[in-house]
Structure formats: structure tokens, C-alpha cells
Amino acid sequence: MTEITKEIVAEHGLSEDEYQELLRVLGRVPNLTELGIFSVMWSEHCSYKSSKKWLKTLPTSAPWVICGPGENAGVIDIGDGQAAIFKMESHNHPSYIEPYQGAATGVGGIMRDVFTMGARPVANMNALRFGRPDHPKTRHLVSGVVAGISGYGNCMGVPTVGGETNFHSSYDGNILVNAMTVGIADTDKIFYSAAAGVGNPVVYVGSKTGRDGIHGATMASAEFDDDSEEKRPTVQVGDPFTEKLLLEACLELMATDAIVAIQDMGAAGLTSSSFEMADKGGVGIELNLDQVPMREEGMTPYEIMLSESQERMLMVLKPGREEEARRIFEKWELDFSVIGKVTDTGRMVLTMQGETVADLPVAPLADAAPEYDRPWVKTPIQAPIRGEDVAAPNDLGEALIKLMGSSEIASRKWIWEQYDHMVMGDTIQRPGGDAAVVRVHGTGKALAITTDCTPRYCFADPVTGGAQAVAEAWRNITATGALPLAITDCMNFGNPQRPEIMGQFVGCIEGMKNACLALDFPVISGNVSLYNETNGTGIHPTPAVGGVGILKDLAHMTTLAFKEDGDIVLLLGDLTGEMGQSLYLREIEGREEGAPPTVDLAKERKYGDYLRAMIEKGLVTAAHDISDGGLGVALAEMALAGNIGAELEIETDLPPHAALFAETQAAYVITAKPDDVEMLRGFALADDIPLHILGTIGHTDLKIGGWLTISLGRLRDVHAGWLPELMAGPGSEQE
Amino acid sequence: MKAAVIVFPGSNCDRDLKVALAQSMGRDPDMVWHGDSQLPPTDLIAIPGGFSYGDYLRAGAMAANSPIMREVVKKAAAGTPVLAICNGFQVATETGMLPGALLRNAGQKFVCRDVNLLITSQNERFVGGFELGEVVRFPVAHHDGNYFADTDTLEELEAEGQVAFKYAGADGELTAEANPNGSLNNIAGIYNKAGNVLGLMPHPERLISEELGGTDGRRFFDHLVNSIV
Amino acid sequence: MKARVYISLKNGVLDPQGKAISHALQGLGFGNVLDARQGKTIDLELTGADPAEAEAEVEKMCQQLLANTVIENYSIEILD
Amino acid sequence: MKARVYISLKNGVLDPQGKAISHALQGLGFGNVLDARQGKTIDLELTGADPAEAEAEVEKMCQQLLANTVIENYSIEILD
Ligand SMILES: Nc1ncnc2c1ncn2[C@@H]1O[C@H](COP(=O)(O)OP(=O)(O)O)[C@@H](O)[C@H]1O
Ligand SMILES: [Mg+2]
């Protein structure tokens, strides 16, 4: 028996206080397996010990929310007896170590979260943050991550329909890979994780358990292992084929009524899945570890409980339904094993080879999980930068060209062409627009899906940045004509034990909360990833937001592409000329400074609701919100998407570069048929909504009177060229 | 008319193909499990896209050895029309129903996008709905679509009119840029000698309505169904 | 008993992976690389103790599944 | 000069391809297959005539590009 020393406790990431608490709960010294289980349960990842206090402040309910945070994924009602189930999750660290497998298993993990709840995944998204483009590792990481997402998602046959990609030096040593999955289920066929029914069988299905990803504990356990083979891999390898089988088998079993509860084995594998199921159900669980299907010989209880092997699920079945379930899993050539039963003891009892190897109280262990109120300081706010404070460029046209070919704005086609974004036959808006639109199979309605966050805003002003992330997601959904319903989030931050970082977290949450409330856009699921630091430098705070909305009728949908010669271009909203944190400032002036643009949530709501109503009336032929790069970039993107130019005139008191490139919030560019403009203006006037005519669509140049004239060809070259050129350099080869 | 869609573990365009066929046929095709050794009576066998057996070892290799494929090969030899799309095409070459092989894309990457295809031979049953020399648009989505055959086979394919589709520019020009995967002679799809088996990498079932962005696929299936009935 | 199967592309079959690898190596400054070809190995763990029998079995496996003889060559090595 | 690099997954790393191959072989009636692991080979054609130098160069190539040392092992053979 291994003696539990201070070093072993420390290697398990438990603080002195936490270990004392453990002793109190348990009433004795734990054995190594028990210590491993505690360390996992009380890790930041599983216990949310630094973030819980603040996460609780986010709004999570609305009449259409069926299940908020706390389950594997959140659930909303989308009408007609159907629900959308979705969540976003990070796989940052593994993706940095091994980009292909790290990203692939991230995708696999998030899909399991969604189909565990009874949904068929219908769309994947990915929010990626890489270091500066010329960092020596960037190409390798981009190519590996994209190939990994592609490799897993494509094989699963779930379309990857969108995402976002940023490059910034703050991610040089710590990239972010956030994956989101959206699924659809019937509202009366949603599955939860609370175990119930004393005596019911606990069943393991999927892949066998190997020594995959036994994390920080690796060293500790290696020391106590007699056959010290080679150093164990801490990276898991994904097997998308097995996951595809697992998906089909689970959905087949879910069509019966044999399942009482189900939970995927994600991070912390069998430990967290079994504890969560027992804790939620207020029951005990007894597991016989000899029955766990194993890939390798001589695995210890410690290894079995902490393994992060992928493509596995744990279920509680109704009594007597084992054989029926077994037949389904065997048909799909998957392992199936009854490994235990539900008990009324409130304890988790693990046995192996006739011996009790762990015996832990479930509720006390869960209840005693640490929760910290970490000290935090408010992020100092910088002064706004107005147009007048910024020198005018020599040439407005060249400035726009530079922005269109910059790392933040350039087309991501190189990425999404590697993703099968059409499989399942319901992708109505492919990547490249504001939000992806995916039809609900067999109906005339659709989901609009987007991910958004502008980390440089969050870094400059977390409260504004947090609100902006939510507002932009809401706008992107609105721009398609859809009604935004709810969000998931992935809170990526640095070390929470540093008060400045904790202050960023607290600020972002506050901003998000304000926006969610103002926009009726609750948080229904999410994930927190802390300690994203290298050498003491944290990443930009990155609260990635994944939004979902509903289009009740596909007949009323818009895209951002300019449609037809003669359509009128209008600006919905006001140009504020706020230049702080703009890409213009960064790309043209080389400055990352100032306060980010103001987020006026009342205006967001009002202007967005107006736009949606106008789209529904059929008065809008194209719509695109203003974000990175401002009005100029928005216009250029619409022209490129439609392959038609425009002749425009912008009347403003602002300096031209501020009018064109300030990243004004709560604003859209829309187009309409000439005959409909009066109606649009009438509705706008009645609601006191600013709507300005900018000009007319036509020809092959983007022409802004007195300011610039650029051919679409030139715009397309820089916009389309940047990423392929970057990736053509060395280091980007794929396996 | 009756059609059968073969389903392997890892198939993932089976539903899409079913929807496309049903739209044109007015009834659902039969979905046939790879482990079955019998095909229901059918006028058309369709092998869908996806990643049968994860595309492990070689794309299509394991599926080619499944019990149902023995039956499919027999039926094809007896003249039943077979439509093999994407992974289905890979399976068909692995069984020997179609000559050549599909290698890793020249660009190494999975590629998903619309491509233009030149109709390069007249096969009334499969492409009678299009003109010879017409350019149609279907999407591709594959990692291993780089068509290879030895020189003799290639010459024979061309000479016998067995090349069904070639990747082309919008104006029908056969350029390297139009070729998404490095296929020899820009080949996107081929027939067997008898002309009753068509294998192609692009996915006609993905463009079957205006909502989805195009209807060339719809035209393809409508004609196929009409010509078989 | 252990057997190893080597599978390589036939001469004359374009090897995109090999090409990418040599290109990448040259890009990394390995100017001495003239060409690269990628192949695969499959290591099999077999029951039985007769090497000749094992080889015959593995030969059958190659023909039926492991290699695609349209494009690939294979060779078999019985390891112990 | 020719060199061959063998790349295989480290022990304990899941090998989905190998798993599927052994499964498929068993399904085809090769009951004697206990396990399969898939690896790859890279055959390099190099300039220069010094085997020791070549090996040192290939070693660098493996570290920098050819092998993913997080999950893979490699070995080098100089063929002539
Ligand atoms: N990693 C990615 N995967 C797939 N699509 C992406 C990715 N990154 C960006 N995109 C797509 O590129 C387009 C532009 O992205 P972005 O500039 O973030 O849009 P917006 O400013 O409207 O939020 C969107 O359609 C988005 O879905
Ligand atoms: Mg947008």
C-alpha cells in the first residue's frame, strides 16, 4: 500500500487546506485511488472552485429554456415538440501539446456531451485563437488543429458550419481551441444524468479503457508501478469511427425506454461520470472494476478510475433491460459491460479482485468541494480614442485593403474548406456569413448558430468586452433574420490566483450578465478554462460565446451578400467614431490602445428587433452587422460575398477614417429594393431608429464618393490570399 | 421503382442519399445493412458517402469485404445499375467493380466545396438529363479523391467513353485549378465497361433544392429515376 | 508469433504524402533530401507457432484486405 | 543513399486503425489474429555518401518533422 506523503498530495494538485478537508470528510487517510479520485473531483476543471461564485450570477432562465447549466449540455425549446441541445467546451492545453489529437478529441468530447442527452448532433462550430501569425509554432498549430477538427467531425458526419479565428501574440504559448456542438432532440426524449432506482444496473459502453491521459497524476503513479514501461502518454488519441458507432447505438437505445440515466465519460473519465450520476440522484453506486473493459493488462484501480480514454459512456438501465441494450451495442460492435449497480448507501464503493479499493461518501465529497472567493482587482479603464485623435491615412482605399488582408479579417476559407460543412443535407447558410443556418431536418425552420468574442476588447475593458461578445452573437443571429434564443460559453482566462486575472473574469461575467438580461439571451451551458498562461503571461481574456437562434420560416432569411444591381444600401444605427481597440489602430498605426467601443444594450435590442421585423416583412435583401474593421470592412465583405460592387456616399461629421473604420456597435448595413425603402424608413421613423441611405449596388468596384474606389478583384485577392499564403510556409504539413 | 441504399458502419451520407432518392422517386429507398447477405429486389443500388470503418487502412477497403458487397458485385455483373458516391466510389474500386484507385488528395487536405463538372460521355441512364459537354455543379467533400489508374487503363477509360465527369472551370476548361484533388486527367467519375456502374467523388445529393444552393443534383436524380422506371 | 507487413505504393503511382514530406523537409533546410515515399507497416500478433503457416496466412490477409494490389506492393516478415 | 524511417505509436497509445484492422481480419475468418498495430515507413533518397552523417541528418528530420514524438516512436535504418 502506498503511503500518502505530502509530495504525493501536492502532485495531485491538492492544497494543504484541501487535503485537511479531505481527511475531515473521509474520517481517515485515503488510499492512493481515493486520493486520485478526490484530486480529480476537486480540480478546477470538475469543481469550478474559482469560478462558481461568479458563474452563478449569469441569467440562465427564460420560458424557452428546458434545461440550464448543470447537465451535460443545455436544452431549449424550438417549438413543435423539438429541442435544441448545445454546449461549447475547451481543449486548449491538449491542442497545444498535440494539435491534431487535442483538437480531434475536443470535438469528440463535445459531441458526446450533446448526444448523451438524446440529441442527434446537427452542427459543429469551433472558436480558435492562435499566436501571432509569424510565431514559429503558429503554422504547425493551425494546420494540426484544423486537421484534427476536420478529421473527427467529418468522420462523424456532422457538419462543421462556422466558428471564429483570431491571431494574437498573447496566445503564442497557449492557444485556445473551443468546440461547440448543437443537436436536436424531441422534448419528450431528453436524457439526464441523475442515477436512480436502487439495484438498477450500471452499464459501461463504448471503447475499452486504456492508460490514456492520466494527467498530473502520471508521475506519482509511475513511481509506484513495478513494471515501469515507457513513460505513459498523456495525450489521448481520438477514434471518430468508434464515436460514430457509439452515437448510432446510443440513439438506437434511446428510442426505447430502457435508460434511466446516462452520462458520457469526459475529462476525469469514470470518476466524474459515476460520482456525478450518484450525486445528482442522491444515491450510492457500487462498481466492480474487474468488469470494466480494458485495453491493457495490469491496470490498477487508480488508472481505471482516472483514465481519460475517449468514446465511452456510463448508463443506468431499468432492471431487466440489459440484454436488449447489449444486443444494440453488440450490433454496433461496441463493448458493453454491466459494471455495477445503484445502491441506497450514498457511498461510492469500488471493488477489484474481491477487495474494496475505494469507499467514499458521495454527497459529502461533492458538498465539501472547495469554492473560493478569489481576490480580484478591477481592470483599469483606458481613455476613449476619437477619430480626431488619430492621424488620417494617406489613402483610405489602401487602408481598407490593408484591413481586408489582415490576420483578423482575411477569409477563413482555407479552414472551412477542410470541414465537411454540408453533410446531413441541411446547411442553408454555409460558413462565411454572420451566422450559419442549419435547417431542422424535415421542416421549414432552421437554427442560426454563431460564435463570437473580441478578446482585445475584453483585455482593455472586461465589462464592455463581455457585453460585446454576447451582443455580437445576438447581432449575427439577428442579421440572418433569426430570433436569438440562448448562449453557451467557454470562459478562457489566465491564472485566477492573480487578482488582475480574476478581475478580468469578474468583469467579463458582469458584462455578459448585463447583455444576456438586456437581450433575453440566457446562458444554458458552458465551460471554464483557467490557467491559460505561459511564463506568467496570461492570454487575453476570452469569454467565447456560442449563440443559437431560431428561424421559424426559412422563407424569411437573409444573407450578407449584395444581391442585385439597383438595390439600395442603408446604414442601420449611428456611426460613433470610437477608434479605441479598433483593428484600424492596430493594423495601420501599430497601436493596441484605448477604450473599446461603447456597447449600448438598449440600442442593440431596439435596432436588432427592428431589423428582424423588417426581414420578416420581406423588406430586406441583405444584412450584415458591423464589427471588426468597422463600416468599411462590412461593406467590402458584402460586396465580395455577392460579387457586386456599390456606389456610395457617406454623410458624416466624423473624419472619414473614423466613419469607415471605427467599430461601432449596434449597427448593421442592410440592402433593400428601391421600392421598399420608403416603407423601411417609415417603420424606422415610427420607432425613432436611425436609418441612412448610403447608395446603390452595381458594377465591379466598391466606390465611396470622394473617399475611395477599389475593384472587387483587388479586394478579393487580399482577402482570400492571406491565410493560404501564411499556411504555404514551412511547418504546416499534415500527417 | 425500387432502390436500395447500402449502409456500412461509418456511412454518413446514407440519409442524404435517401432523401435525394425519395424526392425523385416519390418513395423511400430500402436501407440495407452491410452485414446482410441478401439484397431486397431492387432496380438501383446506391452506395453512399461517409467513412465506412473510419476509412481506416484504406478508404473503402474494409467495406469492400463486407457480406453485402459480394451480393452487390454479383448484381452489378448481372446488370443492375449501381450508383457509388464518394466513399461508395472508393468501395467500388476496392471491390474491383470499377478500375483504378482513389489516393490521398494531392493537397493532403480534406476538401469540401462546390466544383464544376464537365459531362464527358453519354450514358443515357445516368446523365441523359444533361448535354454532352455541359457543365454542372456538385459539391465535393473528401480526403481521398485523387483518381489513379495505370496508363493503359486510363487510355482505355478515355477511349471507351467510360469517363463520366471531369473537374472543370465554369466554362468547361480542364485546368489544374479546377481539379480539387490531383486526379489524373481531372477525372471525377467513371463508368464500368458495361456502363451500369457509376462511381463519382462529387455529391449530387447535396444540391437538390434552391435552399441548399443549387438543383443540378436534383436534375441528376430526377433523370436517373425516370430512365430506370 | 509476430509478423510485419510492409506496404508501399508501386512505382509509378503518385505518392502525394511522400511528395509533401520531401517538400517539407527541403523547406526545413534539409537540402540533401532528393525524394521521399511513404508506406505503412502492419504488425500482427498471431496464434500458432509455425512460421511457414503464419506466412501463408498473412499472405492471404494481404491479398484479401491489407494491400490494394492495384496500387500497392507488400512484403511479409515473420518476426518470431 | 537510401534511408528508411519506421514510425509506430508508443505503447499504450490507442491505435484505432490497428484495432479496426484486427477486427476486420477476424471478421474475414482469420481467427488467428490476436492484435494488429499500424505504423508507417518513410523511405528517403538522400545525397551524400557517409552513412553516419546521413543517420544524423535523418535523426534531425524525425525530431523536427517526421515523427510526432508526443505519441510516436521512430527508428532509422540506413539502407545503402
Ligand atoms: N475556425 C473556423 N471554422 C469555421 N468557420 C470559421 C472559422 N473561423 C471563422 N469562420 C467563419 O468565417 C466567417 C467570418 O468570421 P468572423 O469574422 O468571426 O464573423 P463575424 O465578424 O460576423 O462574427 C464566419 O462565417 C465564420 O463562421
Ligand atoms: Mg457578424
Side-chain angles (χ1 to χ4, degrees), chain A residues 120 143 146-147 149-161 238-249 331-334 413-432 437 439 441-442 444 446 554-555 557 559 724 727-728 732-735, chain B residues 7-23 33-35 48-57 59 62-63 85-87 104-105 107-115 138-144 180 202-214 217-218:
Chain A
R120 178 174 285 282
S143 77
V146 171
I149 292 171
S150 147
Y152 208 104
N154 297 353
C155 183
M156 285 293 289
V158 176
T160 302
V161 293
D239 181 356
F241 171 58
T242 296
E243 177 128 317
K244 166 75 173 158
L245 303 184
L246 188 61
L247 163 68
E248 299 301 337
K331 167 183 158 198
W332 291 99
E333 305 182 2
L334 294 163
K413 186 158 160 243
W414 184 92
I415 296 176
W416 77 64
E417 274 194 357
Q418 295 184 54
Y419 302 151
D420 189 339
H421 47 265
M422 297 180 233
V423 63
M424 296 186 88
D426 287 308
T427 304
I428 305 297
Q429 281 199 38
R430 301 179 188 180
V437 174
R439 182 171 54 191
H441 194 66
L554 273 171
M557 179 187 85
T559 67
M727 297 311 294
S732 63
E733 294 71 25
Q734 290 174 11
E735 292 108 278
Chain B
V7 185
F8 302 104
S11 293
N12 64 32
C13 303
D14 44 333
R15 189 185 78 178
D16 305 0
L17 192 48
K18 174 180 168 179
V19 168
L21 282 167
Q23 186 182 44
W33 187 235
H34 71 113
F51 287 73
S52 58
Y53 296 92
D55 274 1
Y56 297 152
L57 187 61
M62 302 203 201
I85 300 173
C86 196
N87 194 230
R104 179 59 34 116
N105 293 346
Q108 297 285 325
K109 295 190 288 286
F110 190 97
V111 56
C112 177
R113 62 172 152 99
D114 287 356
V115 294
F138 296 161
V140 289
H142 60 248
H143 210 162
D144 300 275
H203 290 271
E205 79 280 12
R206 292 189 179 190
L207 281 181
I208 53 167
S209 70
E210 288 300 347
E211 273 177 354
L212 291 171
R218 169 99 211 225

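Lettering follows sequence order; numbering is per chain, from 1.
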Of A:G157, A:G151, A:C155, A:P240, the largest count of non-hydrogen pairs under 4.5 angstrom with chain B goes to A:C155
Under 4.5 Å to a heavy atom of chain A? For B:I208 that would be neither
| Stepwise, does the side-chain contact (heavy atoms from CB on, under 4.5 Å) test hold for A:V437 with A:L554? | CA-CA 9 Å; A:V437 174; A:L554 273 171; 4.1 Å; yes
Counting heavy-atom pairs under 4.5 angstrom with chain B, the leader among A:V423, A:T427, A:I428 is A:V423
Open item on the list: Quick check: do B:C13 and B:R206 have side-chain heavy atoms less than 4.5 Å from each other?
Closed with: yes
Among A:R430, A:E248, A:M557, A:E333, the residue with the most heavy-atom pairs under 4.5 Å to chain B is A:R430
Turns out that what part of B:Y53 lies under 4.5 Å from chain A's heavy atoms comes down to both
Note to self: Could you tell me if the side chain of B:H143 sits less than 4.5 Å from the side chain of B:D55, heavy atoms only?
What the structure shows: no
Contact check, side chains of B:H142 and B:N105, non-hydrogen atoms, under 4.5 Å
yes
Whatever's closer than 4.5 Å to a heavy atom in chain A on B:R15 counts as side chain
Discussion item. Is the shortest side-chain heavy-atom distance between A:W332 and A:L246 below 4.5 Å?
Written reply: no
Cut-off 4.5 Å, heavy atoms of chain B, and the answer for A:K331 is both
Within the structure provided, determine whether B:F51 and B:N12 are in side-chain contact (heavy-atom separation under 4.5 Å).
yes
Given A:H421, A:M156, A:M424, the one with more heavy-atom pairs under 4.5 angstrom with chain B than any other is A:M424
